Amino acid sequence: MNTVSVEILKDLFYMGVNDRETNLFENMWPLPQGVSYNSYLIVDEKTALMDTVKITKVDGFIDSLKDNLNGKKLDYLVIHHMEPDHSGCIKTVRELYPDVVLVGNKKARGMISDYLDIEIGDNFLEVKDGDVLELGRRKLTFVNTPMVHWPESMVSYEPNDKILFSQDIFGGFGALNGTIFDDEMNFDFFQDEMRRYYSNIVGKYSKQAAKALEKVRNLDVKVICPVHGIVWRTNPERIIEEYVKYANQINEEGVVVVYGSMYGNTEKMADILARFLAEEGIKNVKIFDVSKTHDSYILSEIWKYKGVILGSCTYNNSVYPNMNQLLYTLKMNKINNHILGIFGSYGWSGGAVKELSEFASEGGNFEVLPTIVETKGTAKDEDIEALRQLAKEMAQALRA
Ligand SMILES: Cc1cc2nc3c(=O)[nH]c(=O)nc-3n(C[C@H](O)[C@H](O)[C@H](O)COP(=O)(O)O)c2cc1C
Ligand SMILES: [Fe+2]
Ligand SMILES: [Fe+2]
């Protein structure tokens, strides 16, 4: 029953739920601080519900919907995105308001039958890019944003109050802890969780995200209502700028050192390297043990900083399995505009550094640093000097 309902502007209601039970979003991404699913209701001559929430939260959501409708019937349910964290309660809403007209694009229509197995018949209004739905004082213009996050994804814009219903775009992890609006909260925590959401959920589709942002930038937006996280009513420009950086992989000076190590030889190299980076004046250096920190956090930090240095021990002639998982994640999300350094340790015939080098040439768009440090067992004086050289090359490349 944890639906939070707040009137954002006159006759525009926020109806979001906080999910602090789910451990893994999409059964993959840790949610230590939860996540919110946001829905919105416009009450005008016609009433329109903008998306729903995950089915596990249906009870509180429906109570809130009835409260805000205050005896009116629901005319439209606008479906911006069919992923079940937002489409979960469509069936229930239809049971309650059998005449409700579902509004979506052609792809959404197909997905409604595919996923919900319901006959929508005439109760569907198919909208194309640029179509307008009149609600009374307010109206909605639809803009397709394919692949951000799914093929049917679209946003809608209300020109009178300049509201953008942005679905997954501008969303983030993190439940809303009483504060809902950008002007009510400290953005630092959400910034990390937004970038983690972006890089892991949308990152692969950054080209499409950049296109979607161009469309959004042509609109005069005063309020952004996304389906996860913060509602931006005071400074929407801030999150638009932040997203432009994410989508174009515009990053900051800093280095993420990630290592995979069983007995500490590779870890020791990571610590030495980080010290040398600090001596080179690099202020943002973050070290991660790939076996300890979930990939989603590592990817998010890599999205933030321009430098990446990957180190792996050799395991059965190959890169360490947990590092292999990270390489897969990096490849999947098409890392661009980064500088990459490589190091590793082996016992007899090696293999890890060779695979890291193969990854460097095919796993993304990297500038690869020439000094690659590979030690047999523990790092000796000459290896330490090579690590110093690698740190110097990284610092130079970052400042070039
Ligand atoms: C289970 C296991 C498998 C290994 N497989 C290989 C291998 O196939 N080839 C090789 O050169 N070294 C292999 N090694 C040796 C390690 O790569 C070497 O000891 C390295 O220094 C370990 O680094 P670490 O202390 O960071 O874990 C293996 C070590 C272990 C424990
Ligand atoms: Fe989604
Ligand atoms: Fe979502």
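Quick note: numbers below take in every heavy atom, side chains included, and nothing from hydrogens, waters or symmetry partners. Just so you know, these numbers come straight off a predicted model, no measurement behind them. Ligands are counted one by one from 1 in listed order, and the atoms in each one are counted from 1 as well.
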- Query: Does CG in D117 sit with more than 12 non-hydrogen atoms of other residues, nucleotides or ligands closer than 6.0 Å?
  - Reply: no
- Item | Worked verdict on Y37 versus D51 for side chain to side chain donor-acceptor pair (under 3.5 Å) | CA-CA 9 Å; Y37 315 114; D51 301 299; over 6 Å; no
- CE (M323) and OG (S318) are apart, to the nearest 0.5 Å, by 13.5 Å
- Aromatic plane relationship, H294 with Y297 - under 30° parallel, 30 to 60° tilted, over 60° perpendicular: perpendicular
- Query: Can you tell me if NZ on K207 sees more than 12 non-hydrogen neighbours from other groups inside 6.0 Å?
  - Reply: no
- Do you see a donor-acceptor pair shorter than 3.5 Å between the side chains of H149 and E83? yes
- Task: Flag yes if I239 and V155 sit in one hydrophobic cluster, no otherwise; membership is Ile, Leu, Val, Met, Phe, Trp, Tyr, and two members link when side-chain heavy atoms are under 4.5 Å apart.
- Result: yes
- Near-ring test H81/F165, centroid separation under 6.0 angstrom: no
- Enumerate the protein residues lying less than 4.0 Å from ligand 1, judged by heavy-atom distances, in chain and residue-number order. S261, M262, Y263, G264, N265, T266, C313, T314, Y315, N316, N317, S345, Y346, G347, W348, S349, G350, G377
- Near the Fe ion (ligand 2), which protein N/O/S atoms fall under 2.8 Å? H81 NE2, E83 OE1, H149 ND1, D168 OD2
- Check: Y14 ring centroid to F181 ring centroid under 6.0 Å: no
